[in-house]
Amino acid sequence: MKFTSIHQGKRAMLASAAVLALVAPMTVQAQDVAEDETCLDENADGDCDDVAGAVEQNAIVVSGTRIRTREYDFASPVVAIDDTAIQNSGVTNLTDFLTEAPALTGSYNSNDGSGANAGIGGVGLNLLDLRNLGTQRTLTLIDGRRHVAAVPGSSSVDTNSIPIDLIERIDIVTGGASAIYGADAVSGVVNFVTKRDFEGFTVRAQTGISEKGDGNSSFVSATIGTNFAGGRGNIAANVEYGHDDRLLLSDRRAFGPSFRAFFDNQDDLADDPNIPDRILASDVNYLDSSPISAIDTDFDFLPDFLGDGRPYIPGTFLGSFFESGGSGTPVSTYSGEILPNLDRYIGNLLFSYELTDSVRFFAEGKYARVDSESFGQPTFDFFIGVPTDNPFIPANINDPAVNAFDFLDIVLVTGRDNLDLGRRGEDNRRETYRGVAGIEADITDTIRFDASYVYGQSDNVIRQTNTRFNDRFFAALDAVDEGEFLTGTPNGNIVCRSNLTGDATSSNQNVTGAFFFDDFDTLSFTPGANSGCVPFNLFSNNQDPASLAFINTTAVDTSTIKQHVATAAFSGDFGDGFALWGDPIGFALGAEYRKEISESIPDPVNTTGLTFGNALFPETGSFDVYEGFAEVRVPIVQDRPGFYELTVNGAARVSEYSTVGTTFTYQGGLVYAPIADFRVRGTYAQAVRAPNIGELFSPSNQTFAFIDDPCAFDNRDNGSATREANCVALLSGLGLTDAQIATFTGDAGVSLPGLSTGNLDLSEETAKTITLGAIFQPSFIPGLVMSADYYDVEIEDAISTPSANTLLELCVDAATLDNEFCDNIDRTPVGAGFDPNDAGIVSGFTLRPQNVAAFSTKGIDFSLRYRQPTDNLGTFNFSVVGNHLIELKTQGTPGADIIENAGVQGAPEWQVNFDFNWTLDNFNFNYGINYWDETLRFARRTIEADPDIVAPEFIKIDAKFQHDMQLRWTTEDDMSFYVGVNNIFDQEPDVGLTFYPVSALGRFFYAGVRITGDQLGF
């Protein structure tokens, strides 16, 4: 391809790979081109002459600054990954690729957005998370400009909407960058730099499949471009399609009944420190539920029969609501998928034209459509009272001599997993529209003006499939024999009771967990002969399709997110007249206006509360912000003894939000090189994040959660020093006796309902970041570059919305029970529940964001890269890139215990990526190793308080040690054929886990072809 424009030399430098200061890419990503960072070494050999000629040590705009500067003069550490690295990885999902970068390990990937793992609207999303500080604190940019979000109410960008083959490089700027880019860059920035002024064509196709014959992925991309008007103009287009197959747990035998996970050791209820509290168990089932109903007949609220009349065989109790063996619903058949079905369609059009020799107009447009589908859990019910005149009830269960609930005229179903109604899932479509228009003008030889306008829109359609109308379900299960009901003589015609009475309230069941028709003014159907109600047999899994059609529904939620960003800036330098003892002083000065709008409209059926899913309400919100920013770069000394270079830089931004008012952010940095071979650098920054639309304006929506009560007798020693006393005080205040408190399990047995809401009183959160680094590029070892950077990020007044479990822990782990977290929890007093065992159980909760949390992280990024060309054996590239995580701390509220997460699952203390690349003539070979060390299976304080929680050999999860390989052959006509294997040695997830430390996909094979040409031929 050719790159031609008034900025040709500068664009050529952009095409080169990251320099000495930049941390290298990850697995199987060593570069296979000559234009790597070694070519920016002033002492490099003749192999770099061509590149050096193009560069001429000119400045470019690197991510993290608006001042054109040489990359190695930039004070902040940047990870740069070029397009060759992406292709060499064989991965066609950007997040899966980027999570191998140490800074992005905790990102929200396809597994997080699949099946039961995904929240409402979360299926198919891929979101970046820098430093494990949250996706909402990672700013994702395209060519330094903002991109519209994919998640309503947030700033989180779905990387599925970014075209892979249009990427030239990816820059990861860690540490606060709000002074440069504005809010949301608290933990840093991921900037996708795209190809510009493209001439010629590139076509690529790839397909792959796992060793097990599933998990297929396919990818096709085409990019074409041409110059016109004598080279003054350029137009290019890119289209891309990618597909990833779904992967179900049930597709893999390893995750079937033989799958082992950790459960409470029933032989250690006294908590003997010499006996593990949790042990591995297989063939795990739910102890109180069945796909054909589990029925209690002796009033102990545990099942005695299955719905077809067979005895319910108890398994080995595992604590909570699990058992090994027995007649309950197998857990392995319940949870659904671990990877979604995903289709991506992306089109981009790029245009530029030199209006004059110094003024360039550019425009770009993008359309992206991402279709994702995944199925999770079915609907489920607990403690349903079925009237004894229901003709589907087996006679042996309905015998008054057997059924202890006969005096209530009911048979009690303790639990049912409605697999016969179909698995609930999501079938989502996200469409993204983005347009950019702007001008670049050279005002003088040293001063440049840039102005641009960005419009983005994301339209989301979230189809919740196989959800149900609760009123129809309970009306349908209340079946009677028409003849017996009307005349006392059965006629075998089984109908819904409400069809005969015309009144659905006749189906009320005064048993915990049932649906009460009287609570709703309007139903989803009109009871009576023409209601359409068809009986549902609760005691079988062979249903009438007409009954399923009556009960099930698809709820369609929609949302629209809009973004307007207008930016104008002057940048350049003041010329030789404004210089100290080095290059001229550089500057950037500008203003920006941004408006964010988000609107979510749930399906009307979801607002009624009549469906099995959460009751949702419309969410509408917006804000705008006016900002002014400035940067300065001052080369103090250059080319003096002991001062090869000394440069300082600074930036500041003032913002006026319509929501939180005025914020101010700043940063400063220094680069010092005593000699050409060695540089040190450092930055200090204060960044801010204003609350997003969802955190501010979210209505009170319904949510559900399974909880692990911190006040359970076996959890009270797993928290703060105050947890035990607080729990005792809390439970005794509800009327529990000392004996009840001593054996309190907190087991609700069901998914608990709660509320999730926004908070208009939120203010901005503030982050302070320090980085200190060194770069060593010895002239006596050409091709070697080493770097190390220390980072320290502290976030204060952090906006935190705790999960239900975290909310419970924050309540009792605080100094006293007089705190805002306890106020948001409801528990059942003695005597208030249907079941006496409900005393003390959590009955409800409210989740709302607050400026109360604090986060901090410290670590060291390091890299070593070496490039060695030879006369006869080709060119060798080696790189080692890693991170040592020193701390990752959270504090839920001021004064609360500080929780250390470094070394815990998802946050390894050591990560190292080794890459080897060898190019010989037309062949290129890549081999990569992605490693992170063992991580703790449980939170540190849990292990400290309960060191025998599992056997010592299971305290830590196995290290990740994944090997990948690719072989590529390129013909003389620029046609490349490549094959590769990822996870060569088929490392599997650790015991008890399905997707950690490696993907469940296993060994994966792929092959592809890439064709390039310099001219289109017309």
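Just so we're clear, the structure is a prediction, and the values are computed from it rather than from any experiment. Hydrogens, waters and symmetry mates play no part in the numbers below; they use all other heavy atoms, side chains included.
- At least one donor-acceptor pair closer than 3.5 Å links the side chain of Tyr312 to the backbone N or O of Gly328.
- Remark: the Asp288 side chain and the Thr414 side chain contain no N/O donor-acceptor pair separated by less than 3.5 Å.
- In this structure, the side chain of Arg468 does not engage the main chain of Leu421 through any donor-acceptor pair within 3.5 Å.
- Taking both residues in full, the closest heavy atoms of Val534 and Ala476 are given as O-CB, 3.4 Å, listed atom of the first, atom of the second, then distance.
- Taking the side chain as every heavy atom from C-beta outward, Ile494 and Asn537 never approach each other to under 4.5 Å.
- A salt bridge links Asp389 with Arg497: the distance from a Lys NZ or Arg NE/NH1/NH2 to an Asp or Glu carboxylate oxygen falls below 4.0 Å.
- Within the 3.5 Å criterion, the main-chain N or O of Val950 finds no donor-acceptor partner in the side chain of Glu953.
- When each of Phe469, Phe550, Phe474 is tested with Phe525 by the rule ring pair (Phe, Tyr, Trp, His ring centres under 6.0 Å), just one qualifies, namely Phe550.
- With a 6.0 Å radius and a threshold of 12 heavy atoms from other residues, nucleotides or ligands, Leu486 has its CG atom above the threshold.
- Using a distance-only test at 3.5 Å, with no hydrogens or angles considered, a donor-acceptor pair links the side chain of Asp308 to the main chain of Arg310.
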Evaluate Arg716 against Asn718 for side chain to side chain donor-acceptor pair (under 3.5 Å), listing each step before the verdict. CA-CA 6 Å; Arg716 291 201 288 265; Asn718 293 342; over 6 Å; no
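- Evaluated for a side-chain contact (heavy atoms from CB on, under 4.5 Å) with Asp406, the options Leu408, Val402, Asn403 yield exactly one hit, Asn403.
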Can you check side chain to side chain contact (heavy atoms under 4.5 Å, CB included) on Phe382 and Phe321, steps first, answer last? CA-CA 12 Å; Phe382 297 95; Phe321 35 85; over 6 Å; no
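- Across every non-hydrogen atom of Pro753 and Gln702, the tightest pair is CB-NE2, 4.3 Å.
- With hydrogens and angles disregarded, no donor-acceptor distance shorter than 3.5 Å links the side chain of Asp503 to the backbone of Pro527.
- Looking at heavy atoms from C-beta onward, Asp990 lies out of side-chain contact with Tyr996 at the 4.5 angstrom threshold.
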Go through it in stages, so that I can follow the logic: the residues are Asp245 and Leu247, the test is side chain to side chain contact (heavy atoms under 4.5 Å, CB included), and I'd like the CA-CA distance, side-chain angles, deciding distance and then a yes or no. CA-CA 7 Å; Asp245 269 356; Leu247 181 65; over 6 Å; no
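- Other residues, nucleotides and ligands contribute more than 12 heavy atoms inside 6.0 Å of the CG atom of Asp300.
- Side-chain contact between Phe612 and Phe473 is absent, with no heavy atoms from C-beta onward closer than 4.5 Å.
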Checking side chain to side chain contact (heavy atoms under 4.5 Å, CB included) for the pair Asp714/Asp271: CA distance, chi angles, key distance, verdict? CA-CA 8 Å; Asp714 56 348; Asp271 197 13; over 6 Å; no
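- Between the side chains of Ser843 and Asp826, no donor-acceptor pair is found at a separation under 3.5 Å.
- Note that CG of Leu477 is 9.0 Å distant from SG of Cys496, once rounded to the nearest 0.5 Å.
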Show your reasoning for whether ring pair (Phe, Tyr, Trp, His ring centres under 6.0 Å) applies to Phe380 and Tyr286. CA-CA 12 Å; Phe380 50 85; Tyr286 291 103; 8.9 Å; no
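- The aromatic rings of Phe407 and Phe299 lie parallel to each other, their planes meeting at an angle below 30°, with 60° marking the opposite boundary.
- Taking every heavy atom of both residues into account, Thr465 and Phe375 meet most closely at OG1-CE2, 3.7 Å.
- The two residues Ala479 and Pro535 make their nearest non-hydrogen contact at CB-CB, 3.9 Å.
- At a threshold of 4.5 Å between non-hydrogen side-chain atoms, the residues Asp296 and Asp304 count as touching.
- The CG atom of Asp267 lies 12.0 Å from the CG atom of Asp277; values are rounded to the nearest 0.5 Å.
- Nearest heavy atom pair, residue Ser258 against residue Arg253, reads OG-O, 3.5 Å.
- Taking 4.5 Å as the limit, some side-chain heavy atom of Asn265 sits within range of a side-chain heavy atom of Ile275.
- Taking the centre of each ring, Phe262 and Phe954 come in below the 6.0 Å mark.
- Taking 4.5 Å as the limit, every side-chain heavy atom of Asp264 sits out of range of all side-chain heavy atoms of Leu269.
- Using a 4.0 Å cut-off between charged nitrogen and carboxylate oxygen, Asp214 and Arg252 count as a salt-bridge pair.
- Within the model, atoms CD of Glu323 and CG of Asp283 stand 9.0 Å from one another, a figure rounded to the nearest 0.5 Å.
- The list of side chain to side chain donor-acceptor pair (under 3.5 Å) pairs with a residue in residues 522-531, not counting sequence neighbours, reads Asp471-Ser524, Arg472-Ser524, Asn499-Ser531.
- Distance alone, capped at 3.5 Å, is enough to place a donor-acceptor pair between the Arg827 side chain and the Gly840 backbone.
- The closest donor-acceptor contact from the side chain of Asp399 to the backbone of Ala401 lies under 3.5 Å.
- Between Gln464 and the options Thr554, Thr611, Asp557, a side-chain hydrogen bond (donor to acceptor under 3.5 Å, both in side chains) holds for only Asp557.
- In the model, Asn418 has a side-chain atom that pairs as donor or acceptor with a side-chain atom of Asp381 under 3.5 Å.
- When atom types are taken as modelled, the side chain of Arg416 and the backbone of Pro291 share a donor-acceptor pair closer than 3.5 angstrom.
- The main-chain N or O of Ile292 is found under 3.5 Å from a side-chain atom of Ser290 such that the two form a donor-acceptor pair.
- Side-chain contact between Phe255 and Ile338 is present, with at least one heavy-atom pair separated by less than 4.5 Å.
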Start with the C-alpha distance between Asn117 and Phe995, add both sets of side-chain angles, then the distance that settles side chain to side chain contact (heavy atoms under 4.5 Å, CB included), and finish with yes or no. CA-CA 11 Å; Asn117 294 337; Phe995 227 85; over 6 Å; no
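- Taking OG of Ser999 as the reference point, atom CG of Leu339 lies at 5.5 Å (rounded to 0.5 Å).
- Note that the CG atom of Leu248 and the OG1 atom of Thr333 stand 11.5 Å from one another [nearest 0.5 Å].
- The two residues Ile825 and Leu808 come nearest to each other via the heavy atoms CD1-CD2, 3.5 Å.
- Under the 3.5 Å distance criterion, the side-chain polar atoms of Ser327 are matched with a main-chain donor or acceptor of Ile313.
- For the atom pair CG of Asp948 and CZ of Arg278, the computed distance is 11.0 Å after rounding to the nearest 0.5 Å.
- Side-chain contact between Ile462 and Val556: absent, with no pair of heavy atoms (C-beta onward) separated by less than 4.5 Å.
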